[in-house]
Amino acid sequence: MSTMTIAKAINEGLRATLANDPKSFLMGEDIGSLGGVYRVTEGLKKEFGAHRVMDTPLAESGIIGTALGMALRGHRPICEIQFDGFVFPAFNQITTQLAKIHTRSDGQLSAPVVIRIPYGGGIGSIEHHSESPEALFAHTPGLRIITPSNANDAYWMIQQAVECKDPVIFFEPKRRYWLKGEVNTQESPGDPFKAHVVREGSDATLVAYGPLVPVALAAANAAAEDGHSVEVIDLRSISPIDFDTIEASVKKTGRLVVAHEAPTFGGIGGEISARISERCFYSLEAPAIRVGGFHMPYPVARVEEHYLPDIDRMLEALDRAFAY
């Protein structure tokens, strides 16, 4: 066991991948000599060389298009999009090419491309630097989308993403880059597309992912002081979604709250709420409740704390569920 930040855990996971798979390589803006804006790739160019850790032009569409071509030639590209809001110039390449090539070729071609995207707010930055665009990609069949909330998952899930034969978008919760945790480098936490129950409870189920998992755990601890037992599920995978784990929990607790930083309108929470309402209709004691960002462009730094879901908003949602 080693103690690492999430950023360091991703760095070590990438280092293990580059060492074990000679067909893997990194590409992105400022990831080589600089080590990335958040220093997640620091030291990797020096260790593996410029042919394995490549600095690219400021051209996100070109990065993904090049990665697709390299993947079709048997390589395993790992791309970094410097900030979440910078991914949109590459949206066409991701959704119409990368996600479709396997089906378009009748299964003859695969595109094992990993796209790393730091996402979410909480760093005092503005639009294009604090976005949560995961729902836009989850709507596209052919993409897998995962996001770690802790260092152990970060270390293992980036390696599992590279091993996957499908294109994987790896969303990294940037405001949690410096969150420390224990990493077991010898034993994998299992299937990266399965949700984890990170706190057991009996009165309500609180589902979160990425940057909001620590907030959900804090909210559950606060609810316990009022006598409510809240089960917390770390979703981990946004596409596919592990509905079975959520269903089993809700059938036990009878209540569901789903939280994410992205706006509630059109968000992942809506799909989870609808699906669980269908599957657990006779078990629910209250309607599923969503907690998320507001339906507006990401605000300026001085008011972002009012935009981001916090403990109070999660507790308010739990109180509404308990009121039924």
Subject >> Ion pair check, D244 and R279, cut-off under 4.0 Å >> reply: yes
Original post:
Pick from E304, E127, E261, H129: which one makes a side-chain hydrogen bond (donor to acceptor under 3.5 Å, both in side chains) with Y298?
Top reply: E304
Original post:
Strictly under 6.0 Å, is that where the ring centroids of F91 and F137 end up?
Top reply: yes
**OP:** State, to 0.1 Å, how close M70 and P77 come at their nearest heavy-atom pair, and which atoms those are.
**Re:** CB-CG, 4.1 Å
**OP:** Please say whether the positively charged group of R116, taken as NZ for Lys or CZ for Arg, lies over the ring of F170, i.e. under 6.0 angstrom from the six-membered ring centre and within 45 degrees of the axis.
**Re:** no
Original post:
Between R313 (side chain) and G292 (backbone), is there a donor-acceptor pair under 3.5 Å?
Top reply: yes
**OP:** Could you identify which residues cluster with F281, counting Ile, Leu, Val, Met, Phe, Trp and Tyr as linked when any side-chain heavy atoms lie under 4.5 Å apart, either directly or through a chain of such contacts?
**Re:** Y282
Original post:
Do E12 and T185 get their side chains close enough for a donor-acceptor pair, meaning under 3.5 Å?
Top reply: no
Subject >> Under the ring-ring contact (aromatic ring centres under 6.0 Å, His included) test, residues paired with F171 that sit two or more places apart >> reply: Y119
Original post:
Would you say I272 and I289 are hydrophobically clustered, going by side-chain heavy atoms of ILVMFWY under 4.5 Å?
Top reply: no
Original post:
side chain to side chain donor-acceptor pair (under 3.5 Å) between R199 and N221: does it pass, once the steps are laid out?
Top reply: CA-CA 10 Å; R199 188 187 197 279; N221 290 335; 3.2 Å; yes
Original post:
F88: what forms a ring-ring contact (aromatic ring centres under 6.0 Å, His included) with it, not counting sequence neighbours?
Top reply: none
Original post:
Can you name the residues that form a ring-ring contact (aromatic ring centres under 6.0 Å, His included) with H51, not counting sequence neighbours?
Top reply: none
**OP:** Report the residues that fulfil salt bridge (charged side-chain N to carboxylate O under 4.0 Å, His left out) with D319, sequence neighbours left out, ordered by chain and then residue number.
**Re:** none
Original post:
Cation-pi between R144 and F193: NZ/CZ under 6.0 Å from ring centre and within 45° of the ring axis?
Top reply: yes
**OP:** Indicate yes or no for a side-chain donor-acceptor contact from E231 to the backbone of G201 under 3.5 Å, with no hydrogens or angles considered.
**Re:** yes
**OP:** Quick one: name the residues clustered hydrophobically with Y155, using the 4.5 Å side-chain heavy-atom rule over I, L, V, M, F, W, Y, and just say none if it's on its own.
**Re:** M4, W156, V183
Subject >> Ring centres under 6.0 angstrom apart (H128, F83) >> reply: no
Original post:
So with a 6.0 Å cut-off around NZ of K252, is the heavy-atom count from everything else above 12?
Top reply: yes
Original post:
Hey, is R236 close enough to D153 for a salt bridge, meaning N to O under 4.0 Å?
Top reply: yes
